[in-house]
Amino acid sequence: MTEPVFSDRLKAANLSALWENLAAAVPEQPVVRCSPASWNYQQDIRPLILEAGRTVTAEQAERRVLLLSNPGLQGMGITHTLVCGIQMIVGGEIASSHRHTQSAMRIVLEGEGAYTAVNGDRMSMEFGDYITTPAWTWHDHGKQTEGEMIWLDGLDLPIVNYLALSFFEDHPDDQHPQTVPGDDSIFRYGSGMLPLTPLPQDPHSPVYKYPYSKVREVLSRMVISGAPDAFHGYKLRYAHPFTGGHTLPTIGSFVQLLPAGFRTQPVRATDARVFVVLEGSCSFDLGGTTWTCGKRDVMVVPNWTSYTLQADAEAVVFSFSDCALQEKLGLWREQHGSDDKHA
């Protein structure tokens, strides 16, 4: 009887030879995990989400969301670690209260007269507002007036599911009771002053809403106060008011202003980045291929892929990525030309 070959004996013992797969297991540089892609809001996203509003009720869907699926991935992610969706509610609807271990952020794209409530703190929603629903916080949405309210969601669902840490719970009522005056987190923790009572020790920001009106004012002041950064223009990070860190443990969110005619220098980073144009239009150049995005359009730049941004007229661009998690792990890098910057 012939003795089984070594590889067969390894397989039978549930063992494998690392030396046969070492290069794939420990590559010299990050493997690009997704494809560059863009979504046109007016031509593609908006007509389809409006159609969904006519055919799918909020009760049927739980959340009426269209996912932006990266063509280079098998699955629902816009990147390998994040999902991105366009959500809509219409007048008189309530997206019922629930909670889950996935963290989420949203940026309001259009509409008025709606709210998001987080743990009973009901916040009005206006264009460009950045709102978070951190892990395991009760949250619901509602719209009291006619018409549509549309926003973009970003969630760390692939991260949480990869770690097999997903928990979900419906609230016994459609809406969590309103426990504090509206926009309480902004006034309590986002004014530049802090109460003397014990502060929350959660890993996420205690401020759930960052109004675009204030963000836009800061960007305008930066423009008159100094020159833009060569790689990012005028760029801000949405920050935890106690620590200065990111608003969520796994997701970092930013907004940047590009002056008219400004073109950034090439940059690449270990985080795949999702961009949403809030004002104006801009062009993304990735290795000689150009994507032009207008207001509310979405663009994804893969991890470790060099890109430049150019604005013919002044543009404001929101972005988010998993850089918050990478920084905590001590793994994040951003490269400016030949300059390699570690977190």
Distance, nearest 0.5 Å, that separates [atom1] of [X] from [atom2] of [Y]:
X      : Y      : atom1 : atom2 : result
Leu15  : Ser7   : CG    : OG    : 12.5 Å
Leu155 : Met76  : CG    : CE    : 10.5 Å
Asp202 : Asn119 : CG    : CG    : 9.0 Å
Ile159 : Thr250 : CD1   : OG1   : 5.0 Å
Ile186 : Asp129 : CD1   : CG    : 7.5 Å
Asp229 : His336 : CG    : NE2   : 6.5 Å

Non-hydrogen side-chain atoms of [X] and [Y] separated by less than 4.5 Å:
X      : Y      : value
Tyr307 : Pro36  : no
Met88  : Met149 : no
Val298 : Leu68  : yes
Gln335 : Trp304 : yes
His232 : Gln265 : no
Met299 : Ser38  : yes
Asp322 : Thr79  : no
Trp39  : Ile78  : yes

For this session: Salt-bridge test for Glu93 and Arg64: reply yes if a basic N is under 4.0 Å from a carboxylate O, no otherwise.
Result: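 Looking at Arg64 together with Glu93, the answer is yes, because their closest N to O distance falls below 4.0 Å.
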
Problem set entry | Note: Arg216-Glu126 ion pair, threshold 4.0 Å (strictly below) |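 Looking at Glu126 together with Arg216, the answer is no, because their closest N to O distance does not fall below 4.0 Å.
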
More than 12 foreign heavy atoms under 6.0 Å from [atom1] of [X]: is that the case here?
X      : atom1 : answer
Leu196 : CG    : no
Gln144 : CD    : yes
Arg221 : CZ    : no
Phe167 : CZ    : no
Gln60  : CD    : yes
Arg237 : CZ    : yes

Exercise. What about Val218 and Val316, same hydrophobic cluster or not, with Ile/Leu/Val/Met/Phe/Trp/Tyr joined at side-chain heavy-atom distances under 4.5 Å?
Worked result: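 Shared cluster, yes.
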
Exercise. Are Leu236 and Phe127 connected in a single hydrophobic cluster, I mean Ile/Leu/Val/Met/Phe/Trp/Tyr linked by side-chain heavy atoms less than 4.5 Å apart?
Worked result: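 Phe127 clusters together with Leu236.
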
Exercise. Could you walk me through whether Trp291 and Leu286 pass the side chain to side chain contact (heavy atoms under 4.5 Å, CB included) check?
Worked result: CA-CA 8 Å; Trp291 284 262; Leu286 282 70; 3.9 Å; yes

Examine the side chains of [X] and [Y] and answer whether a donor and an acceptor come within less than 3.5 Å of each other.
X      : Y      : answer
Tyr210 : Ser205 : yes
Thr132 : Lys209 : no
Thr116 : His141 : yes
Trp138 : Asp140 : no
Thr308 : Arg263 : yes
His171 : Glu169 : no
Trp332 : Asp271 : yes
Gln326 : Thr270 : yes
Glu279 : Tyr212 : yes
Gln102 : Ser166 : yes
Tyr130 : Ser253 : yes

Exercise. Checking side chain to side chain contact (heavy atoms under 4.5 Å, CB included) for the pair Asp153/Met105: CA distance, chi angles, key distance, verdict?
Worked result: CA-CA 6 Å; Asp153 290 319; Met105 48 66 47; over 6 Å; no

Exercise. Distance under 6.0 Å and angle within 45° of the ring axis: does Arg46 meet both against Tyr41?
Worked result: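 No, a cation-pi geometry is absent between Arg46 and Tyr41.
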
Exercise. Can Lys214 be said to sit on top of Tyr238's aromatic six-ring, NZ or CZ under 6.0 Å from centre and within 45° of the ring axis?
Worked result: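 No, Lys214 does not lie over the aromatic ring of Tyr238.
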
Sidechain-backbone polar pair: [X] side chain, [Y] backbone, donor-acceptor under 3.5 Å:
X      : Y      : answer
Thr55  : Glu51  : yes
Asn70  : Ser35  : yes
Lys143 : Glu146 : yes
Thr101 : Leu165 : yes
Gln201 : Leu199 : yes
Arg296 : Leu109 : yes
Asp173 : His176 : no
Asp121 : Asp183 : yes

Can you name the nearest heavy-atom pair linking [X] to [Y], along with the distance?
X      : Y      : answer
Glu62  : Ser96  : OE2-OG, 3.9 Å
Cys34  : Asn303 : N-OD1, 4.3 Å
Ile89  : Ala95  : CG2-CB, 4.4 Å
Ile251 : His246 : O-CB, 4.0 Å
Tyr208 : Ser185 : N-OG, 3.0 Å
His80  : Leu73  : N-CD1, 3.7 Å

For this session: Check the pair Val65, Leu67 against side chain to side chain contact (heavy atoms under 4.5 Å, CB included), reporting the backbone distance first and the verdict last.
Result: CA-CA 6 Å; Val65 178; Leu67 292 175; 4.2 Å; yes

For this session: Determine, using ring centers only, whether His139 and His98 are less than 6.0 Å apart.
Result: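 Between His98 and His139, the centre distance is under 6.0 Å.
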
Problem set entry | Trace of the side chain to side chain contact (heavy atoms under 4.5 Å, CB included) decision for Leu257 with Val317 | CA-CA 6 Å; Leu257 184 150; Val317 185; over 6 Å; no

For this session: Apply the test ring-ring contact (aromatic ring centres under 6.0 Å, His included) to residues Phe275 and Phe284: give CA-CA distance (whole Å), side-chain angles for both, the deciding distance (0.1 Å), then the verdict.
Result: CA-CA 10 Å; Phe275 296 86; Phe284 295 80; 5.1 Å; yes

Exercise. Passes side chain to side chain donor-acceptor pair (under 3.5 Å), Ser283 versus Thr290? Steps please.
Worked result: CA-CA 6 Å; Ser283 298; Thr290 301; over 6 Å; no

